[in-house]
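Notes for the one structure printed next.
As the structure is a computational prediction, the values presented were derived from the model and not from experiment.
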Amino acid sequence: MGLSGQITDLRLEVPQPDASPLRILDLPHLDFEAGSVIGISGPSGSGKTSLLHCLAGLMRPTSGAILWNDQDIAALSATDCDLWRREHVGLVFQDFQLIPELSVLENIALPQFFSQWRLTETQKNSLHKQGQQLGLNNLYQRASSLSRGEQQRVAVARSLWHHPALILADEPTASLDRAHADKVMQALLEHASQHRTTLIVASHDPAVLDLMDRVIALDSGRMTQGQPLS
């Protein structure tokens, strides 16, 4: 079951020496329906990544509320927010954040190791099936030897691993050719449909944004569009 979300009077500002604070985000109101598939578009520097980081609780806004199922994560302590995110959120970062010394399998299942050290045979079979879906055929290869495109697919697989209620993906197809980009989006959309996961994707790719139920366009941290696509 996906999370329903709401942003109210969200502002994110960065202090500037000898100047007024730089406003990164200024969003009076946004709603995210549980199980919805939402795109975030906009030029570089428009606030897409900052918005995803706020929605994940990785950045604390200057003011405002970020509610997921009525839980205001902006009001949580750092420790409580970490626990909330581990339980509910799957993340795809632009820089992937893989551990080079670990294998593909170990990187995908990394969240599992916070609660148990060994994988069951059922979990291993699930990992191999998920790897094949994303074109990752050697799960025992070290992450340090992967291409950027392979690393990106590992990051996507990891975001799906524990069937999170919310997936936040930052440019999940940026390093992929069209065929692999289509595989990644198919995996994300199938997971969202099967588990009624709330999926929010920041992307420059028109082909990706065309797959969304709704696209939120940002410019200089402000929303310029948010209507359902026709």
How close do [X] and [Y] get, heavy atom to heavy atom, and via which atoms?
X: V201; Y: V208; answer: CG1-CG1, 4.0 Å
X: S159; Y: P164; answer: O-CG, 3.2 Å
X: G2; Y: A34; answer: O-CB, 3.5 Å
X: P172; Y: M185; answer: CG-SD, 4.4 Å
X: Q123; Y: W161; answer: O-CH2, 3.5 Å
X: P100; Y: L98; answer: CD-O, 3.5 Å

Do [X] and [Y] have side-chain N/O donor and acceptor atoms under 3.5 Å apart?
X: Q94; Y: T49; result: yes
X: Q133; Y: E190; result: yes
X: E106; Y: S103; result: yes

Please tell me if the side chains of [X] and [Y] come closer than 4.5 Å, counting only heavy atoms from C-beta onward.
X: I66; Y: C54; answer: yes
X: L127; Y: K129; answer: no
X: L51; Y: I40; answer: yes
X: I38; Y: D213; answer: no
X: V92; Y: L168; answer: no
X: L189; Y: L199; answer: yes
X: F32; Y: Q6; answer: no
X: V184; Y: L188; answer: yes

State yes or no: do [X] and [Y] share one hydrophobic cluster built from I, L, V, M, F, W and Y residues joined by side-chain heavy-atom distances below 4.5 Å, directly or via other members?
X: L27; Y: L67; answer: no
X: L83; Y: L55; answer: no
X: M223; Y: M59; answer: yes

L166/I200 under side chain to side chain contact (heavy atoms under 4.5 Å, CB included): CA gap, chis, key distance, verdict = CA-CA 8 Å; L166 172 65; I200 303 177; 4.3 Å; yes
remark   = Quick note, salt bridge (Lys or Arg N to Asp or Glu O under 4.0 Å) partners involving residues 193-206, not counting sequence neighbours, are R178-D205
query = How would you list all residue pairs meeting salt bridge (Lys or Arg N to Asp or Glu O under 4.0 Å) that involve residues 8-19, not counting sequence neighbours?
reply =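 Residue pairs with at least one partner in residues 8-19: R11-D26, E13-R23.
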Can you name the residues that form a side-chain hydrogen bond (donor to acceptor under 3.5 Å, both in side chains) with [X], not counting sequence neighbours?
X: S77; value: D80
X: S36; value: none
X: H191; value: H163, T197
X: E171; value: H204

To the nearest 0.5 Å, tell me how far [X] [atom1] sits from [Y] [atom2].
X: L30; Y: L10; atom1: CG; atom2: CG; value: 8.5 Å
X: E150; Y: N138; atom1: CD; atom2: CG; value: 9.0 Å
X: R158; Y: N107; atom1: CZ; atom2: CG; value: 6.0 Å
X: R214; Y: L209; atom1: CZ; atom2: CG; value: 13.5 Å
X: F96; Y: D170; atom1: CZ; atom2: CG; value: 10.5 Å
X: S147; Y: Q152; atom1: OG; atom2: CD; value: 10.0 Å

request  = Output all residues satisfying side-chain contact (heavy atoms from CB on, under 4.5 Å) with H180, sequence neighbours left out; order by chain, then residue number.
outcome  =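 Once residues adjacent in sequence are excluded, the partners of H180 under the side-chain contact (heavy atoms from CB on, under 4.5 Å) criterion are R153, L176, D177, K183.
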query = Among all residues two or more places apart in sequence or in another chain, which pass the side-chain contact (heavy atoms from CB on, under 4.5 Å) test with E101?
reply = I99
Candidate list L102, L136, L134, L105, test side chain to side chain contact (heavy atoms under 4.5 Å, CB included), partner V154, passing option =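 Among L102, L136, L134, L105, the one that satisfies the side chain to side chain contact (heavy atoms under 4.5 Å, CB included) with V154 is L136.
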Taking the side chain from [X] and the backbone from [Y], do they hold a donor-acceptor pair closer than 3.5 Å?
X: N69; Y: S4; answer: yes
X: T8; Y: G64; answer: no
X: T198; Y: L3; answer: yes

V104 vs L146, side chain to side chain contact (heavy atoms under 4.5 Å, CB included): CA-CA, chis, key distance, verdict = CA-CA 9 Å; V104 170; L146 300 176; 3.8 Å; yes
Partner residues of E121 under the salt bridge (Lys or Arg N to Asp or Glu O under 4.0 Å) criterion, sequence neighbours left out =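 Partners of E121 by the salt bridge (Lys or Arg N to Asp or Glu O under 4.0 Å) criterion, ordered by chain and then number, come out as K124.
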task = List in chain and number order the residues that pass salt bridge (Lys or Arg N to Asp or Glu O under 4.0 Å) with D219, two or more places apart in sequence or in another chain; answer none if no residue qualifies.
result = none
message = Once ring pair (Phe, Tyr, Trp, His ring centres under 6.0 Å) is applied, do any residues pair with F93, and if so which ones, sequence neighbours excluded?
response = none
request  = Any side-chain hydrogen bond (donor to acceptor under 3.5 Å, both in side chains) involving residues 51-68? Give me the pairs, sequence neighbours left out, ordered by first then second residue.
outcome  =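 Output for this query is empty, none listed.
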request  = Report the C-alpha separation of Q130 and L160 in whole Å, then their side-chain angles, then the decisive distance to 0.1 Å, and conclude whether the side chain to side chain contact (heavy atoms under 4.5 Å, CB included) test is met.
outcome  = CA-CA 9 Å; Q130 190 174 82; L160 301 173; 3.6 Å; yes
